[in-house]
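Presented below is the structure to which this report refers.
Atoms within a ligand are numbered from 1 in the order they appear, just like the ligands themselves. What you see below is based on every heavy atom in this structure, not just the backbone, and it leaves out hydrogens, waters and symmetry mates.
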Amino acid sequence: MNLVIENLSKTYPNGTQALKNVSLEIPTGMFGLLGPNGAGKSSLMRTISTLQDADTGSIKLGDIDVLKEKAQVRQVLGYLPQEFGVYPRMSAYQMLDHFALLKGIKNSRERKEIVKALLHQTNLYQQRNIKLSNYSGGMKQRFGIAQALLGNPKLIIVDEPTAGLDPAERNRFHNLLSEIGENIIVILSTHIVEDVSNLCRNMAIIHKGEVLLTGNPRQQIEAAKGKVWKKIIDKEALQDHQANFNVVSSHMFDGQIIIKVFGDTRPNESFEASEPDLEDVYFAHIKTKEQGEQQSDTEPNQGSQLVDAGNVSQNPEENKTV
Ligand code: ADP
């Protein structure tokens, strides 16, 4: 079963155009929806999850018309939203049992078996009687997956699931996702490039409500080979390089900055070839799109320096130039 989205657009009442003619075909397996904050990922996820309407366009899940047949969608959908609310005083077992009842699993013996199996699958069985308020971030997210798996869904949507998780918890969560992503559609919405490169067979990059790229992460990385160039520079030289080269990202390293430049030929002798990764692909597409917008903008451009050399943070996550 495929999820097929065609020409989906959404403008909020305040005038924000969150989705612009989005078309995507999403097959079984893990699909990464990658984009910076504000790109429109949650708007798209909420629309697919029947929680909000689009202005125009269509979404089909197999034979189901998602925008019209909402009750049918909900029967086959598991959703882990960004803000996942639970009753903190309840234990994981009690809460999951409650969700199972809401899902319509009325037979208590059957419910018990299902709840136990899900707690085992998400590795929470040992902690099943602990109150959810005492769960760590990673345990809460695994609990979120347990509830999303109730009722054997055909489609699971997880919105920014690993933000705030420590590396071990994130790894555990990745393993869980990749297990469940073998037979059903799992859409992973995230701004973390590594999550997509580690987990997803297919992906899309979305930016300002528009799909910039769709494809297989490995093929996209392959296509970028020979086009990424790197150079280590002093902090003070960043602004100059940004003015003179197509710098797509900059990271602090050992007190200096590694810049990456995208282009078919080596900018000059001071640059060396760099093995591309998905992050390079991601930043290059976003940068290219933003440059296109700046060129079509007739106003004088005050904002082309996306990172101020005087403000480079020690945290590599904050140093990306998009
Ligand atoms: P993402 O999930 O990628 O961060 P969102 O879908 O949350 O993106 O937001 C896309 C754009 O729509 C942003 O500019 C955001 O501020 C705006 N937006 C999101 N929800 C609403 C809303 N309910 N009303 C008005 N604007 C919204």
Side-chain angles (χ1 to χ4, degrees), residues 3 5-24 26 30-59 66-67 70 73 77-85 137 140-141 144-145 148 155-165 170 173 177 185-197 199-200 202-215 217 220 249 278-279 281-290 292-294 297 303 306 317-318 320-322:
L3 181 75
I5 301 166
E6 281 181 341
N7 303 317
L8 202 74
S9 291
K10 171 75 180 176
T11 301
Y12 287 109
N14 69 358
T16 305
Q17 201 181 351
L19 298 173
K20 299 175 191 165
N21 240 1
V22 168
S23 295
L24 287 174
I26 302 181
M30 296 246 355
F31 185 92
L33 184 69
L34 187 60
N37 289 334
K41 302 183 298 296
S42 294
S43 299
L44 183 58
M45 297 302 99
R46 287 198 301 264
T47 313
I48 299 169
S49 314
T50 74
L51 297 176
Q52 72 179 45
D53 289 321
D55 299 330
T56 55
S58 69
I59 308 178
V66 173
L67 298 178
K70 293 184 181 174
V73 179
L77 170 79
Y79 181 45
L80 176 57
Q82 242 178 62
E83 299 289 328
F84 177 56
K140 276 186 192 144
Q141 288 303 70
I145 288 294
L155 167 65
I156 289 204
I157 292 178
V158 284
D159 201 352
E160 299 277 358
T162 63
L165 298 193
R170 200 166 137 223
F173 192 78
L177 277 186
I185 304 172
V186 179
I187 305 178
L188 169 68
S189 160
T190 183
H191 66 276
I192 302 172
V193 181
E194 221 187 323
D195 284 0
V196 173
S197 52
L199 290 171
C200 300
N202 294 289
M203 61 170 272
I205 294 176
I206 179 170
H207 178 52
K208 294 186 181 169
E210 279 181 77
V211 174
L212 301 187
L213 171 88
T214 58
Q220 296 300 334
S249 68
L278 193 60
E279 195 175 86
V281 173
Y282 174 67
F283 287 132
H285 276 84
I286 287 181
K287 186 75 190 282
T288 305
K289 176 71 183 167
E290 292 196 333
E293 281 169 5
Q294 281 169 9
D297 195 351
L306 297 165
E317 279 302 308
E318 292 171 15
K320 320 275 166 67
T321 60
V322 291

Item to check | Residue among K289, H285, E290 satisfying side-chain hydrogen bond (donor to acceptor under 3.5 Å, both in side chains) with H207 | outcome: E290
Item to check | Side-chain heavy atoms of L3 within contact of I59, under 4.5 Å | outcome: yes
Item to check | Heavy-atom nearest neighbour in the protein, as seen from atom 6 (O) of ligand 1, with distance rounded to 0.1 Å | outcome: S43 OG, 2.6 Å
Next on the checklist: Using a 4.0 Å cutoff against the non-hydrogen atoms of N37, which atoms of ligand 1 qualify?
Outcome noted: 4 (O)
Checklist entry - Hey, mind stepping through L177 and Q141 against side-chain contact (heavy atoms from CB on, under 4.5 Å) and telling me if it holds? => result CA-CA 11 Å; L177 277 186; Q141 288 303 70; over 6 Å; no
Next on the checklist: So does I192 get a backbone contact from the side chain of T190, meaning a donor-acceptor N/O pair under 3.5 Å?
Outcome noted: yes
Checklist entry - Near P36, which atoms of ligand 1 are under 4.0 Å from a heavy atom of that residue? => result 3 (O)
Checklist entry - Considering only protein heavy atoms, which is closest to atom 10 (C) of ligand 1, and at what distance to one decimal place? => result G38 O, 3.4 Å
Next on the checklist: Tell me whether D159 is salt-bridged to R46, with the criterion being a basic N under 4.0 Å from an acidic carboxylate O.
Outcome noted: no
Checklist entry - Would a 4.5 Å heavy-atom cut-off, applied to side chains only, mark N202 and T214 as touching? => result no
Next on the checklist: Can you report which non-hydrogen protein atom sits closest to atom 26 (N) of ligand 1, along with the distance?
Outcome noted: Y12 CD1, 3.4 Å
Checklist outcome for this item: For R46, the ligand 1 atoms with a heavy-atom partner under 4.0 Å come out as 20 (N)
Checklist entry - Got a sec, which residues hit side chain to side chain contact (heavy atoms under 4.5 Å, CB included) with K10, two or more places apart in sequence or on another chain? => result Y12, L19, Q52, D55
Item to check | Where ligand 1 meets A18 - atom numbers and elements under 4.0 angstrom, heavy-atom basis | outcome: 12 (O)
Item to check | K41 side chain vs P36 backbone, donor-acceptor pair below 3.5 Å | outcome: yes
Checklist entry - Under 4.0 angstrom from atom 15 (C) of ligand 1, is there any protein heavy atom? => result no
Next on the checklist: Looking at atom 18 (N) of ligand 1, tell me if a protein heavy atom falls under 4.0 Å from it.
Outcome noted: yes
Checklist outcome for this item: One finds that the ligand 1 atoms under 4.0 Å from a non-hydrogen atom of S42 are 1 (P), 2 (O), 6 (O), 7 (O)
Checklist outcome for this item: Nearest non-hydrogen protein atom to atom 8 (O) of ligand 1, with distance, is G40 N, 3.0 Å
